[in-house]
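Below: the structure, in structure tokens.
Letters go in sequence order (proteins before strands), and every chain restarts at 1. Since this is a predicted model, take the numbers as computed values, not measurements.
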2 protein chains.
Amino acid sequence: MTRGTTGNARGELARARLLDAALQAFARRGFHGTGTRDIAEAAGMSPAAVYVHYRTKEELLFELSLAGHRQVRQVMDEALTGSSAEAGSADPARRLRDVVRAFTSWHARAQIHARVVQYEMAALGPQHAAEIAGLRREIESLMRRLVTDGRDAGVFGVANPHMAALAILSLGIDVARWYRPDGGWGPDEIGAQYGDLALDLVRWTRTDRPPG
Amino acid sequence: MTRGTTGNARGELARARLLDAALQAFARRGFHGTGTRDIAEAAGMSPAAVYVHYRTKEELLFELSLAGHRQVRQVMDEALTGSSAEAGSADPARRLRDVVRAFTSWHARAQIHARVVQYEMAALGPQHAAEIAGLRREIESLMRRLVTDGRDAGVFGVANPHMAALAILSLGIDVARWYRPDGGWGPDEIGAQYGDLALDLVRWTRTDRPPG
DNA sequence: CTCCAAACTAAGCGATCGCTTAGAAAGTCC
DNA sequence: GGACTTTCTAAGCGATCGCTTAGTTTGGAG
């Protein structure tokens, strides 16, 4: 920053290559199954060059986990505002369905990233784990609010909103485990179907028009 | 076997202690995050003693994974036969609900084992992974059959039975990730609720009597 | 008791681990 | 060009990895 812009760009490219290499490796073999030499080689540099850009291997994991969780929150927020703007701001079923679509399809579309986000949390250090936990609480409370809103509005006949919200999140999260890019369904298709499944889980009363 | 029975019992006890130590460690820190010295120490023996009973660390994982998958299949089978015997052999809703109850509550009750079963498969060797994959196919096809049976009988209004079966399995599997023994719900409670959620997912037509 | 196999330990092998050091290249600014 | 920062590598540090070897202890069988 003190000097030049090209050096900055070179560094950021290297950082991006390292993040990508770490992402692939962590997703495939797990954090503890991945060596710093694996990451360096996949990024096309020497093992020592990793430490020019990141202080520890765990910092690489944290950056990936943080960016992934923020992506999840973002696609959910976008789906929520889009859903509200389009259909007169308060159709609980449509809102829930659209957020579940976004949440679920992300776990398929970004499956490799999603695996690291969902299954490598235990390898984070205490401080980093706490920060990630905060983001997860936001995501969980958003989903819970969507379910309770529909129940309070009288359009969801769900018995246990807390558990229903948990189940809906489970459905989306587990997509990261079983999804195969070469399988029969694409991310959007899975998202669409899971959006409908979520409405089944909250016992959406079909007295009003389907949200389209 | 050639001599004595106590020596045999001593060996089996040691094997059991090693399996339990490995189970706890693999569940907490993952296969690659666990050292053979950790396992040995938790089992109360020297690092070398591990190799008297198991040839490799991966063999310990395989034994745990195999036993876990067989347990899952067994609790599902028992729920199925119990459900069929009690209620005149063919109430698809009751059968599905009871199997989901058993499947889900197992993932809470045996959470530590379930985590290894569901999240450490990638660390298995090719041969062992193939054997486990066979068991998983059995479990998946059983669940799929339960869903399609109900659809064919006309009591499930599910649009996509294949995906519904996958979603139901996802719900149960993900319990191993989020369940906390000191949380608000116990394994049976979760199983009961998830059994009902499964019926929602397959759009069970409530024209006939609830299965109890 | 002797005999013997199973169970176990102390020590350590070669390999790999995360990470550091010292210094060479690469590129920017004046 | 010279001065300076950033990026990168070669080499290697101490620790730990999965696992083996050689030899001791254990305990029932005959």
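Atom P of nucleotide C:dA7 and atom CG of B:L18 are separated by 12 Å, given to the nearest angstrom. Here the C1' atom of nucleotide C:dA15 and the CG atom of A:D38 are 14 Å apart, to the nearest Å. In this structure, A:E41 atom CD and C:dC17 atom P are separated by 11 Å, rounded to whole Å. Remark: C1' of C:dT20 and NZ of A:K57 are 17 Å apart, rounded to the nearest angstrom. Following rounding to the nearest Å, A:E58 (CD) and C:dC17 (P) show an atom-to-atom distance of 18 Å. At whole-Å resolution of the value, CD1 in B:I39 and P in D:dC17 are 11 Å apart. Atom CG of B:L61 is separated from atom P of D:dG18 by 13 Å (rounded to the nearest Å). In this entry the distance linking CG of B:L13 with C1' of C:dA6 reads 15 Å, nearest Å.
Considering only side-chain atoms of A:R15, the nucleotide from C:dG18, D:dC19, D:dT7 that sits closest is D:dT7. Residue B:R37 has its side chain nearest to D:dG18 when only D:dG18, C:dC17, D:dT7 are considered. Of the listed nucleotides (D:dT9, C:dT9, C:dG18), D:dT9 has the atom at the smallest distance from the side chain of A:S46.
A heavy atom closer than 4.0 Å to some atom of DNA chain D occurs in B:A48, B:Y51, B:T56, these being the qualifying members of residues 47-56 of chain B.
Judged purely by distance below 3.5 Å, without hydrogens or angles, the side chains of A:R109 and A:S105 pair a donor atom with an acceptor atom. In this structure, a donor-acceptor pair under 3.5 Å is absent between the side chains of A:E189 and A:Q193.
Pairs passing the ring-ring contact (aromatic ring centres under 6.0 Å, His included) check and including a residue from residues 166-197 of chain B, sequence neighbours excluded, read A:H162-B:W185. Pairs passing the salt bridge (Lys or Arg N to Asp or Glu O under 4.0 Å) check and including a residue from residues 163-174 of chain A, sequence neighbours excluded, read A:D174-A:R177. Residue pairs meeting the side chain to side chain donor-acceptor pair (under 3.5 Å) criterion with at least one partner in residues 117-136 of chain A, sequence neighbours excluded, are A:E58-A:H128, A:H69-A:R136, A:H107-A:Q118, A:Q118-A:R136.
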- Task: Determine, step by step, whether A:R94 and A:D98 satisfy the salt bridge (Lys or Arg N to Asp or Glu O under 4.0 Å) criterion, reporting the C-alpha distance in whole Å, the side-chain angles of both residues, the deciding distance to 0.1 Å, and the verdict.
- Result: CA-CA 6 Å; A:R94 187 185 191 120; A:D98 287 354; 3.8 Å; yes
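The side chain of A:T36 contributes no N or O atom lying less than 4.0 Å from OP1 or OP2 of C:dC19.
Relative to the axis of its first five pairs, the axis of the last five pairs of the helix from C:dC1-D:dG30 to C:dC30-D:dG1 sits at 10°, rounded to 10 degrees.
Distance check, rounded to the nearest 0.5 Å: CG of A:D152 to CZ of A:R145 gives 12.0 Å.
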Pair up each side-chain donor or acceptor in residues 18-32 of chain A with any protein partner under 3.5 Å, not counting sequence neighbours, and list the distances.
residue	atom	partner	partner atom	Å
A:D20	OD1	A:Q24	NE2	3.4

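Using a 4.0 Å cut-off between charged side-chain N and carboxylate O, A:R203 and B:D200 make a salt bridge.
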